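Right, one structure below, let's go through it.
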Amino acid sequence: MRRDLKRLADECFDLLVIGGGITGAAIARDAALRGLLVALVEKDDFAGATSAHNSKLIHGGLRYLRNREFGLVRESLRERRIWQRIAPHLVRPLPFLIPVFDDGLRTRLVLGAGLGLYDLLSFDRGWLADPDQRLPGHAWLDRRAAIAAEPALASRNLAGAFRYYDAQMYSPERLALECVLDAADNGAVPANHLAAQSLLRRGDSVEGASVRDTITGDVFDVRASLTIVAVGPWADQFLSGRLHGQHRLLLSKGIHLVMAQRMHGHALTVAAEHGHFFVLPWRNSTILGTTDTPFDGNADCVSVDETEIETFLAGVNTHLPAAAFERSQLRATYAGLRPLVADGSHDTYDASRHAELTDHARRDRVTGLISAIGGKWTTSRHLAEKVVDMASAKLGRRVERSSTANRRLPGAVDRITQWPAGAEAFPDPGRLARLYGARIPALTALATKQPALGLPMGMRGDIGAQVILAIREEMALTLEDVVMRRTGIGQEGHPGPDTLEAVATIVASELGWSEIRKRAEIDALVPFFRTSRSDT
């Protein structure tokens, strides 16, 4: 998959999708599979913002039951099973514990009732061919069993814990990328680092967008019968000034801390003063997340500051003193924005995670334009299905029903306990099997031609073949694309200067960079690895 800017400039598409996060990627995939000619443009990189900077969960939303959002919970639980089925290498079961402290019998009864309803709404959680993907119902663990399962829960006032199951993404970035790959394999023309600058207007009709290549600076038009805006937190900013009205998004900031590994296989959902937080085992690390605070700044400038780190760590340790997370264990931080549909409230924690789909011919009397906002990672596939249903109706096209709930993504495997053929040849086969699944042979072919590409780069098991594959077949155009999204090289903190240098050397050779450009690309990664005030 490579950028085909000539096709984008020369052809007229059925759909132009603006935004390459999971919503835009899922829309492009669904539409392409139904036979529509699709262009997809993303101003930075695919899944480079909100779609990457989350808790890495595919979940039903247990807490939404409190707001009686039964429909959203059921939709989420159904979609959880679908993601497990179509991308089993990237989405797998994760057991959670909810500790119950000395709050009396009422707390336990309320939680038990909620989890019982959660089990009832996920009645199809066992409808998967792979038995290792089927999720058990909830269970109660007494104090001793709970601490044995997760020593971080050790506390004099622990009564016990409920265990329930949801699912976790090994790499949200690659899950979104596989949607883009599948779209491209079915005729879509995707391009990253291509920013939509303005909508092409003919009177009250939108006919595409003017785009700028952020790599070269070139500007050209992409024309389409229907334009779909799926830019997440940037929706208000993008549509404001282009239309009379705007969506009035409520943005919620969530920070995450990536810590040295401390968990024993279970995730924790812990009630706190203003909501809850997660402690999540992930790869060789533990993720602490997340905050949920209103954000009214520049969506392009979201970061985690020292005060947030200290405050969040202190809160976690207050509720889980036995965990004793220390500042020195911090490997990386990241922050993302949730684009919530504004409902008049400023409470981002209790705000609904439902999605809103707008036909601007009805709302703003502007034809040829649809926007999709809100929603959550888990339900993005279903939202895309509804978007394409609306789009095909507006185009007057009779298309097949969506097949994305049953069509497996390119890396899908049959059994999650079996490594794909060829994985055993690599230094960390489990890691690569999780990242690439059935696409492992592409790495094997590269390493066979150049054995050095099969050797580990650094301590985490990534190999040079991943870097080559990212550039040649996965549209990586910057060092950040490679290190932070296509591979796992930088996702758990700084991989070390020698590893970054080796990766940058391969990328520079493939893309023809000068030494000056290579150094600039390495320097651009510095903000991703800051974990203290002294980092520069």
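This one's a predicted model, so the numbers in the text were calculated from it and none came from an experiment.
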Between Asp414 and Arg408, does a salt bridge (Lys or Arg N to Asp or Glu O under 4.0 Å) hold up when you go through it step by step? CA-CA 10 Å; Asp414 292 329; Arg408 303 203 304 172; 3.0 Å; yes
salt_bridge([X], [Y]) N-O dist < 4.0 Å:
X	Y	answer
Asp389	Arg401	no
Glu474	Arg174	yes
Arg472	Glu510	yes
Asp462	Arg431	yes
Arg415	Asp130	yes
Arg29	Glu178	no
Asp14	Arg397	yes
Glu400	Arg34	no
Asp30	Arg381	no
Asp45	Arg486	yes
Arg74	Asp124	yes

Given 3.5 Å as the limit, does a donor-acceptor pair link the side chain of [X] with the main chain of [Y], or not?
X	Y	result
Gln491	Met484	yes
Ser122	Asp119	yes
Thr291	Thr293	no
Thr487	Ile489	yes
Asp182	Cys179	no
Ser240	Gln237	no
Thr333	Val304	no
Arg363	Asp359	no
Ser509	Ile506	no
Glu207	Leu200	no

Can you tell me how far [atom2] of [Y] sits from [atom1] of [X], rounded to the nearest 0.5 angstrom?
X	Y	atom1	atom2	answer
Glu79	Thr378	CD	OG1	8.5 Å
Asp236	Ile373	CG	CD1	7.0 Å
Leu90	Gln84	CG	CD	12.5 Å

If you look at every heavy atom in Leu181 and Pro410, which pair is closest and at what distance? CB-CG, 4.4 Å
Ignoring hydrogens, what is the shortest heavy-atom contact between Leu40 and Phe46? Give both atom names and the distance.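 Reported closest heavy-atom pair: CD2-CE2, 4.2 Å.
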For Tyr334 and His53, take the angle between the two ring planes, folded into 0 to 90°, and tell me which bin it lands in: parallel under 30, tilted 30 to 60, perpendicular over 60. tilted
Could you check whether the rings of Phe96 and Phe278 sit parallel, tilted or perpendicular, using 30° and 60° as the cut-offs? perpendicular
Between Arg3 and Asp213, is a salt bridge (Lys or Arg N to Asp or Glu O under 4.0 Å) present by the stated rule, with each step listed? CA-CA 11 Å; Arg3 296 198 309 173; Asp213 187 336; 2.9 Å; yes
Stepwise side chain to side chain donor-acceptor pair (under 3.5 Å) test for His193 and Asp481: CA-CA 10 Å; His193 300 286; Asp481 294 347; 2.8 Å; yes
Do the side chains of [Y] and [X] get nearer than 4.5 Å, heavy atoms only?
X	Y	answer
Arg407	Leu33	yes
Pro172	Ile22	no
Trp377	Met169	yes

Do Arg283 and Tyr170 meet the cation-pi criteria used here (NZ or CZ under 6.0 Å from the six-membered ring centre, within 45° of the axis)?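 Positive - Arg283 is close enough to the ring of Tyr170 and near enough to its axis.
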Which pairs pass ring-ring contact (aromatic ring centres under 6.0 Å, His included) with one or both residues in residues 197-228, sequence neighbours excluded? none
Could you check whether atom CG of Asp296 has more than 12 heavy atoms from other residues, nucleotides or ligands sitting under 6.0 Å from it?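 Atom CG in Asp296 is not packed in, count stays at 12 or less.
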Using the side chain to side chain donor-acceptor pair (under 3.5 Å) rule, take Ser76 and Lys376 through it: C-alpha gap first, then chi angles, then the decisive distance, then the call. CA-CA 9 Å; Ser76 300; Lys376 45 185 286 205; 3.3 Å; yes
